[in-house]
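Heads up, the thing below is written out as structure tokens.
Being a predicted model, the structure only gives us computed values, none of them experimental.
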There are 2 protein chains.
Amino acid sequence: MHSFTEENYLKTIYYLATRQQGEVTTNALAEMTATKAASVTDMLRKLADKQLIHYRKYQGVRLTSEGERLALKIIRRHRLWEVFLVDKLGFGWDEVHDMAEELEHIRSDELVERLDKFLEHPQFDPHGDPIPTTAGAMPQTGYRKLSEVAAGESVCVMGVLEHSPEFLQHLNRTGLTLGCSITLREINAFDKSLLVQIQPESTLFVSHDVARNLLVEGE
Amino acid sequence: MHSFTEENYLKTIYYLATRQQGEVTTNALAEMTATKAASVTDMLRKLADKQLIHYRKYQGVRLTSEGERLALKIIRRHRLWEVFLVDKLGFGWDEVHDMAEELEHIRSDELVERLDKFLEHPQFDPHGDPIPTTAGAMPQTGYRKLSEVAAGESVCVMGVLEHSPEFLQHLNRTGLTLGCSITLREINAFDKSLLVQIQPESTLFVSHDVARNLLVEGE
DNA sequence: TCTAAAATTTAGACTTGCCTAAATTTTTTG
DNA sequence: CAAAAAATTTAGGCAAGTCTAAATTTTAGA
């Protein structure tokens, strides 16, 4: 079996690999896991011994297919528990990350599959992230960032790239929650901020920082 | 905060203290936690430093009121998760112990209280054990062991003292599950085995070993 | 009650995962 | 393209929780 800590490294390597290209660096991992580079190096050697990552000294790291399988399993658990916490226990989407971070390490495949069934096989977590399948596939979505949408387009808010409580609470306050339909009225050339109309009639400014962390779906 | 391991020791000390009188011994703890006496001694010193137990070398151990408060909190979590696993996810009462053993360490009071509400404030877990209150009180039941019931009495099966999958599966097979009404027909003087009638008409023998692990309620 | 057995504690060591400081390799830049 | 900077790894150590073996204390039996 794999330790709590090993599972977190695998998940973090997966996460970083999807946002960068090439191999994941020691420093990036140290920052994400809030440890020091030397500690990361220790763990990388251990994961490489277990054939969960491809590791070449000084060159960075990449998951093996077994490592990716495990990472997706952890992510599946995390996202299913988040659905449980929000849909069944009534938590807000800004409150569930830390709890899911613990729940994702409960070791029982049967538990996960029963939870999935209990939740009626959700496809997305409360932040709009797709839930990997039992078979270990990550469903692809065609979402774009709001910051890449052209003026005049109407789109639907489908997810977020930033999961911090601060960001999510800001969205709560402005009404930019999942599923809401918006039309992009203007793009400010100076600071790239957006004038957005939320259906049916409220209008608000959205900073570029917010817009590039909001995922939206076509017209 | 307290470690996973510390929480397990507190829970185990509480458990042993309720079945024995006097102080809990090092050896008993070593056996229950599947470790060695020397390891237990180390942990007892640590728990004593944190004022969670009263500890006198060579004399055994007793929870402080703070230690007991924590132990009851862990037990409350454990039993609520067991209710969730059985009532909501459909697990059998013989399958849930190990999962609850992990879930009980998830650190969020808010989570526990929301779970309690979601489950509609259950009073007992799937084995008939009472669920401690948020305030930290262990509800008392007036249950007797089936082995202490007199011939001729009719009683209702309310709980078990032994939680091993083997024992619970044996009860499943014989039909002696929670809530079932039984009448004690005869007590065998030689081996203390019982002839029991399960309402309305099936009859079976129950060994003394089974009878002293079954909790029943009055007439 | 005195001694042997049982229970417990101490001593010293191991593993995991982390750290700091120093050494090494890679990358960047003048 | 060589020197400086940045990134990474190595070396040596620490804390938690465990272990075995040896020492100590308590208990039980003759």
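At the heavy-atom level, A/Y9 lies under 4.0 Å from the strands shown only through sugar-phosphate atoms. Residue A/T41 is in base contact, counting any heavy-atom pair closer than 4.0 Å across all strands shown.
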Side chains of residues 48-59 of chain B: which donor-acceptor pairs under 3.5 Å do they make with residues two or more places apart or in other chains?
{"from": "B/K50", "atom 1": "NZ", "to": "B/E6", "atom 2": "OE1", "distance (Å)": "3.2"}
{"from": "B/K50", "atom 1": "NZ", "to": "B/E6", "atom 2": "OE2", "distance (Å)": "2.8"}

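Atoms CG (A/D42) and P (C/dT15) sit 14 Å apart, rounded to a whole Å. Here the P atom of nucleotide D/dA16 and the CD atom of B/E6 are 9 Å apart, to the nearest Å. A straight line from CD of A/E23 to P of C/dT26 spans 14 Å, rounded to a whole angstrom. Atom pair B/Y55:OH and C/dT10:C1' shows a separation of 11 Å (rounding to whole Å applied). Atom NZ of A/K50 and atom C1' of C/dT16 are 10 Å apart (whole Å). Rounding to whole angstrom units, CZ of residue A/R56 and P of D/dA7 are separated by 19 Å. Rounded to an integer number of Å, the gap from CE of B/M43 to P of D/dA15 is 16 Å. Spacing between atom NE2 of A/H2 and atom P of C/dT16 amounts to 13 Å, rounded to whole angstrom units.
When side chains are defined from C-beta on, A/D98 does not count as touching A/E102, because their heavy atoms never get closer than 4.5 Å. Counting heavy atoms from C-beta on, the side chains of A/L215 and A/T141 never come closer than 4.5 Å.
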Sub-3.5 Å pairs of nitrogen or oxygen atoms, protein against nucleotides 20-29 of chain D:
{"from": "D/dT20", "atom 1": "OP2", "to": "B/K36", "atom 2": "NZ", "distance (Å)": "3.1"}

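Stacking of A/K88 on the aromatic ring of B/F84 is not recorded, the 6.0 Å distance cut-off and the 45° axial limit not both being met.
For the OP1/OP2 pair of C/dA6 and a distance below 4.0 Å, the side-chain nitrogens and oxygens of B/N27 include no atom meeting the criterion. For the pair B/T26 and C/dT9, the criterion of a side-chain N or O lying under 4.0 Å from OP1 or OP2 is met.
Taking the six-membered ring where tryptophan is involved, the planes of B/H97 and B/H78 are tilted, since the angle between them lies from 30° to 60°.
Here the CG-NE2 distance, from B/L178 to B/H127, works out to 9.0 Å after rounding to the nearest 0.5 Å.
One finds a salt bridge joining B/E113 and B/R76 here, because a Lys/Arg side-chain nitrogen approaches an Asp/Glu carboxylate oxygen to under 4.0 Å.
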